[in-house]
2 protein chains.
Amino acid sequence: MDATESLRDRKKLRTREQLVAAATELFAERGYDAVTVGEIAERAWVSERTFFRYFGAKEDVLWPDSGEQLALFAATIEARPAVEHPLESVRNAMIELGRALGMDATAALTRARIVAATPSLVARDMLEYSRWEGAVRDAVRRRTGADERDLAPEMTAVVAGGALRVSFERWVADGARGDLAEMIGGAFAAVEGAIRD
Amino acid sequence: MDATESLRDRKKLRTREQLVAAATELFAERGYDAVTVGEIAERAWVSERTFFRYFGAKEDVLWPDSGEQLALFAATIEARPAVEHPLESVRNAMIELGRALGMDATAALTRARIVAATPSLVARDMLEYSRWEGAVRDAVRRRTGADERDLAPEMTAVVAGGALRVSFERWVADGARGDLAEMIGGAFAAVEGAIRD
DNA sequence: CCTGTTTTTGGCAGTCATTGACATCTGACA
DNA sequence: TGTCAGATGTCAATGACTGCCAAAAACAGG
């Protein structure tokens, strides 16, 4: 509740943000591989060692809040009314979340381009998606009380996670114009067509 | 056509196989991170430098034929009769492929365990799946002549790739007993249930 | 079998990511 | 102001890669 945390905490937060900003700028300018952690640290006014105190690895700086966002997403799904169809819950959760995070389109676009340009980052990104998928799967299982061996929750999660991923990719490909929420809705709708005929 | 290629080629192939075998054994024994490239090279009777002539990175040795397999998969899909429903084609292609590759269950299991134990390898694995997904998407697009902006082929690919991934994971979790092809069929079937209600 | 040519290897040095150990500095607080 | 815990900087070491050059092996022709 206290917006004025200790000086220490504020400094820590600022350093963290500077590291993320410095890294993003440098990556955007020269490409991920051509930037060293030392350079990122230098631009953020800290030592290289300190970078690793904030982020476990160079690439982690591109997913600064993945843990929090995942937790938030999971909580948002759980909070949806139980009568909703699972896919509907996920879709709404994603839309709610998109609003809550206040998505800075420009920043998201920059980041997406950096990631797309380097295979190892794309891989890491897929790993993030798979974690969201896991959250969906767990939520669906809990809600439907499905057996752990039932593949239905897994596939629901595959569809939900895939819709998010595909929508985001398309949104980025379009230069972050257009409405992401709408695109997600479209992706979910497309599954119907994909399944039937 | 010539089973007796040049000595050079045969040696190269043997070295490659030895590297893969050495790496797999060591990873299984001690875990991916605890094994150095130098140790792998040593057990394969070559220098560390040579390892990197065969594989661009340490982790690549766990996906020795990913390119070929992907190409084979793509070709197999394309070869399915055009009247088949896309998902059906993909399912059959996967089943055909599983047979053609002669899946060594034990080896697959060992590999899967190594991968599952290390996040960066899981990420790389997801990247591989996304490439298969891309192949499916392209095939569906070509076959249906869908517009590039149509999300249907993307989602068909998501479902197909997801079914493969989920099935394989389950198969591995079950200790590679059971029929993988059958499990894939089950995953595809589960989508119906997941979508409707 | 001998010899000049083409590949494949090995050895080395250098860069960069990542980590542990230890000294120093700084905000928090009595 | 003096002390303590937490944050940072420094240093050294390991291990993944890469470029470069020289030795070894496989080829091809005579």
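Proteins get letters first, then strands, A, B, ... in listed order; numbering begins at 1 in each.
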Practice item. Could you check A:Thr50 against B:Lys58 and say which one's nearest nucleotide on DNA chain D is further toward the 5' end? Key: A:Thr50
Practice item. Take nucleotides 19-30 of chain C nucleotide by nucleotide from the 5' end and write B, S or -, depending on whether a protein heavy atom sits under 4.0 Å from the base, only from the sugar-phosphate, or from neither. Key: BBB----BBS--
Can you confirm whether [X] sits close enough to [Y] that some side-chain heavy atom of one is under 4.5 Å from a side-chain heavy atom of the other?
X: B:Arg142; Y: B:Glu78; answer: yes
X: A:Tyr54; Y: A:Val46; answer: no
X: B:Phe27; Y: B:Thr118; answer: no
X: A:Phe73; Y: A:Met94; answer: yes
X: B:Val172; Y: B:Leu109; answer: yes

Review point. Quick one: is B:Lys12 getting a side-chain N or O under 4.0 Å of the C:dT8 phosphate, OP1 or OP2?
Key: yes
Practice item. For D:dA7, take OP1 and OP2 only and decide whether either is under 4.0 Å from a side-chain N or O of A:Tyr54. Key: no
Exercise for review: Can you tell me the distance, in whole Å, between the CG atom of B:Asp60 and the C1' atom of D:dC17?
Suggested key: 12 Å
Review point. Taking CG from A:Leu13 and P from D:dT8, how many angstroms apart are they, rounded to a whole number?
Key: 12 Å
Point to revise | A:Trp132/A:Tyr129 aromatic ring centres below 6.0 Å | key: no
**Study point:** Within residues 52-67 of chain B or reaching into it, pairs that qualify as salt bridge (Lys or Arg N to Asp or Glu O under 4.0 Å) - sequence neighbours excluded
**Key:** B:Glu59-B:Arg124, B:Asp60-B:Arg124
Check your understanding: Near DNA chain C, which residues from residues 15-47 of chain B have a heavy atom under 4.0 Å away?
Key -> B:Val46, B:Ser47
Exercise for review: Determine whether the side chains of A:Arg131 and A:Ser66 contain a donor N or O and an acceptor N or O closer than 3.5 Å.
Suggested key: no
